[in-house]
Each structure stands twice: as structure tokens, then as C-alpha cells.
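Report on the following structure.
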Amino acid sequence: DLKTPLTSIVSYVDLLKQEPAGSPAAEEYLQVLDRQSARLKKLIEDLVEASKASTGNIAVHAEPLDFSMLLGQALGEYSERLEKAGLTPVSKLPDSPVMISADGRLLWRILDNLLGNAVKYAMPGTRLYVTLTADTHAIVTFRNISATRLNISGDELTERFVRGDSSRNTEGSGLGLSIAQSLAQLQKGALDITVDGDLFKVVLRFDRIK
């Protein structure tokens with residue numbers, strides 16, 4: 001994954017050297033360099049974060065949080081991106097607060113990864129269902145239909161660098177779900193993935209507090 005954008009950057013730098021400044025080709029090469037360098041930066045950041053999360057080398061500052069409110073905020077932040085991806089969010093959240101003990105920054109990162117995963121991989125023209133239920137636990141369920149065939153198990157999808165199907169032609173690092181699962185575990189929560197045909201389901205669970 002790291003080698004692909006790096007090879008592209010090296011190749012386009014060589015091409016750029018052969019072009020006069022300001023030429024149309026030079027401008028095109030600069031755009032490719034900008035895009036590939038940003039991709040390389042994101043891959044490295046994800047790799048570092050995955051390493052820290054899996055080894056527990058991240059400080060966790062847990063405090064009482066309203067899970068329902070934070071989830072609603074995350075859905076609001078993603079409304080334009082979901083619409084652009086052709087997804088209709090269908091959420092069912094309790095009216096009253098659902099309190100958990102978690103690190104707000106790390107919990108936001110989990111939700112960001114899960115919603116970002118839906119934007120990248122869900123089938124356009126379908127719905128993203130997000131449900132929060134609360135009893136002794138606070139349980140959030142994400143469900144969507146995959147745009148491509150899921151010939152892989154839920155456990156395998158949380159392994160590092162896995163993007164579900166080898167035919168997927170995306171620029172993701174394949175680390176998002178692994179990072180989300182590790183961050184949930186660091187906060188004494190759990191994240192489980194189920195694949196049923198083309199149905200992709202994530203269940204995020206935390207102990208509920210009063």
C-alpha cells in the first residue's frame with residue numbers, strides 16, 4: 001500500500017523534470033503528485049495509529065458521555081457526505097441521554113471510521129441504518145448493503161490492510177475497521193462485524209452508566 005503512491009510520486013517527479021515550467025503536462029503531473037503525496041501521508045498516519053491502538057500505546061481519558069448526542073452529531077457531520085455517496089441515513093436514537101464512560105476523542109474517531117467506511121463501500125441508492133439501544137449496555141448498530149460482493153468474514157475485515165474484496169479499487173488503507181475495533185477495546189468496549197451476503201453490519205457496544 002505504501003509502495004504504490006511512492007512509486008507514482010517518483011515516476012511523476014522524473015516526468016516533471018522533463019517538462020518546461022507552466023506547461024499543461026507539468027500542471028497535470030503536479031496534480032498527480034499532490035494527490036499521491038496526500039494519499040501516502042494518510043497511509044502513514046493510519047499505520048502509526050493502528051500500531052498505537054493495537055499495542056495500547058494511546059492515552060485514554062474516559063469521562064461520562066452522552067452516546068446518543070455524540071452519535072447524532074456524527075450523523076449530522078456526515079450528512080452531506082452520505083448524500084453525495086447516494087446514501088439515505090435512517091437513524092433511531094433514544095430521546096433521553098444514554099451515558100457511557102469513554103474518551104470523546106477516541107469515540108469520535110471510531111464513529112468517523114465507521115461512517116467513512118459506509119461512504120466508501122456502501123451501495124449508492126440504498127439506506128444506512130443506525131440504531132442505538134440501551135439497557136445494561138449501550139449498543140449502536142450500523143447496517144448497510146455493500147456495493148461489491150463481500151466474500152469475506154467479519155473477523156477477517158478487522159484484520160489489517162483488508163478491504164473486503166480484492167477487486168475493490170479504492171485508495172483506503174484497509175486499516176479503518178481494525179483501528180476502530182482496537183480503540184473500542186481500549187475503552188473497555190467491543191466492536192463486532194457480521195457479513196450476511198451483501199449485508200454489512202457493525203455492532204459497537206459499551207457498558208452503560210447512570
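Computed from a predicted structure; not experimentally measured.
The two atoms that bring Ser101 and Ile209 nearest to each other are N-CD1, 3.9 Å, heavy atoms only. Looking at every heavy atom in both residues, Leu87 comes nearest to Ala118 through CD1-O, 3.5 Å. Nearest heavy atoms, Arg127 versus Val90: CD-CG2, 3.8 Å. Considering every non-hydrogen atom in both Ala147 and Pro124, the closest pair reads CB-CD, 4.4 Å. Asp198 and Thr148 make their closest contact through OD1-O, 4.2 Å (heavy atoms, listed as atom of the first residue, atom of the second, distance). In terms of heavy-atom proximity, Pro94 sits nearest to Leu132 at CD-O, 3.5 Å.
The closest side-chain heavy-atom distance from Val60 to Leu106 is below 4.5 Å. Side-chain contact between Val98 and Arg208 is present, with at least one heavy-atom pair separated by less than 4.5 Å. Between Asp66 and Met99 the shortest side-chain heavy-atom distance falls below 4.5 Å. Counting only heavy atoms from C-beta outward, the side chains of Leu111 and Phe142 approach each other to under 4.5 Å. Looking at heavy atoms from C-beta onward, Leu177 lies out of side-chain contact with Asn113 at the 4.5 angstrom threshold. Between Leu183 and Ile58, the closest side-chain pair of non-hydrogen atoms falls below 4.5 Å. Between Val202 and Asp192, every side-chain heavy-atom pair lies at or beyond the 4.5 Å cut-off. Side-chain atoms of Leu199 and Ile145, non-hydrogen and from C-beta on, do get closer than 4.5 Å to each other.
Judged by distance alone, the side chain of Gln187 and the main-chain N or O of Asp103 form a donor-acceptor pair under 3.5 Å. Judged by distance alone, with hydrogens and angles left aside, the side-chain atoms of Ser79 form a donor-acceptor pair with the main-chain N or O of Gly76 at under 3.5 Å.
Using a 4.5 Å cut-off between side-chain heavy atoms of Ile, Leu, Val, Met, Phe, Trp and Tyr, with links allowed through other members, Leu93 and Val140 fall into the same hydrophobic cluster. Under a hydrophobic-cluster definition in which Ile, Leu, Val, Met, Phe, Trp and Tyr are linked whenever side-chain heavy atoms come within less than 4.5 Å, directly or via other members, Val119 and Ile110 are assigned to the same cluster. Trp108 and Phe206 end up in the same hydrophobic cluster when Ile, Leu, Val, Met, Phe, Trp and Tyr side chains are linked at under 4.5 Å. Note: the hydrophobic cluster containing Leu15 also contains Leu33 (ILVMFWY, side chain heavy atoms under 4.5 Å, direct or indirect links). Leu114 and Val203 end up in different hydrophobic clusters when Ile, Leu, Val, Met, Phe, Trp and Tyr side chains are linked at under 4.5 Å.
Not less than 6.0 angstrom separates the ring centroid of Phe200 from the ring centroid of Tyr121.
Interatomic distance, CG of Asp112 versus CG of Leu107, reported as 11.0 Å (0.5 Å rounding). Here Asn117 contributes atom CG and Ile193 contributes atom CD1; the two are 7.5 Å apart, rounded to the nearest 0.5 Å. One finds the CG atom of Asp207 at 7.5 Å from the OG1 atom of Thr136 (value rounded to the nearest 0.5 Å). Distance check, rounded to the nearest 0.5 Å: CD1 of Ile9 to OH of Tyr29 gives 16.0 Å. Taking CD from Glu19 and CD from Glu27, the interatomic distance works out to 11.0 Å, rounded to the nearest 0.5 Å. Note that OG1 of Thr141 and NZ of Lys92 are 11.0 Å apart. Values are rounded to the nearest 0.5 Å.
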Kindly determine whether Ile179 and Arg109 satisfy side-chain contact (heavy atoms from CB on, under 4.5 Å), including the steps that lead there. CA-CA 9 Å; Ile179 291 171; Arg109 181 70 164 112; 4.3 Å; yes
Could you go step by step and tell me if Gln185 and Gln181 meet the side-chain contact (heavy atoms from CB on, under 4.5 Å) rule? CA-CA 6 Å; Gln185 292 169 350; Gln181 186 179 63; 3.7 Å; yes
Residues Arg35, Val32; criterion side-chain contact (heavy atoms from CB on, under 4.5 Å); working and verdict: CA-CA 5 Å; Arg35 186 168 63 250; Val32 174; 3.7 Å; yes
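No more than 12 heavy atoms of other residues, nucleotides or ligands lie within 6.0 Å of CD in Glu83, so this atom counts as exposed by the packing criterion.
Ser37 is linked by a side-chain hydrogen bond (donor to acceptor under 3.5 Å, both in side chains) to nothing, counting only residues two or more places apart in sequence or in another chain.
Pairs engaging residues 74-105 under the ring-ring contact (aromatic ring centres under 6.0 Å, His included) rule: none recorded [sequence neighbours left out].
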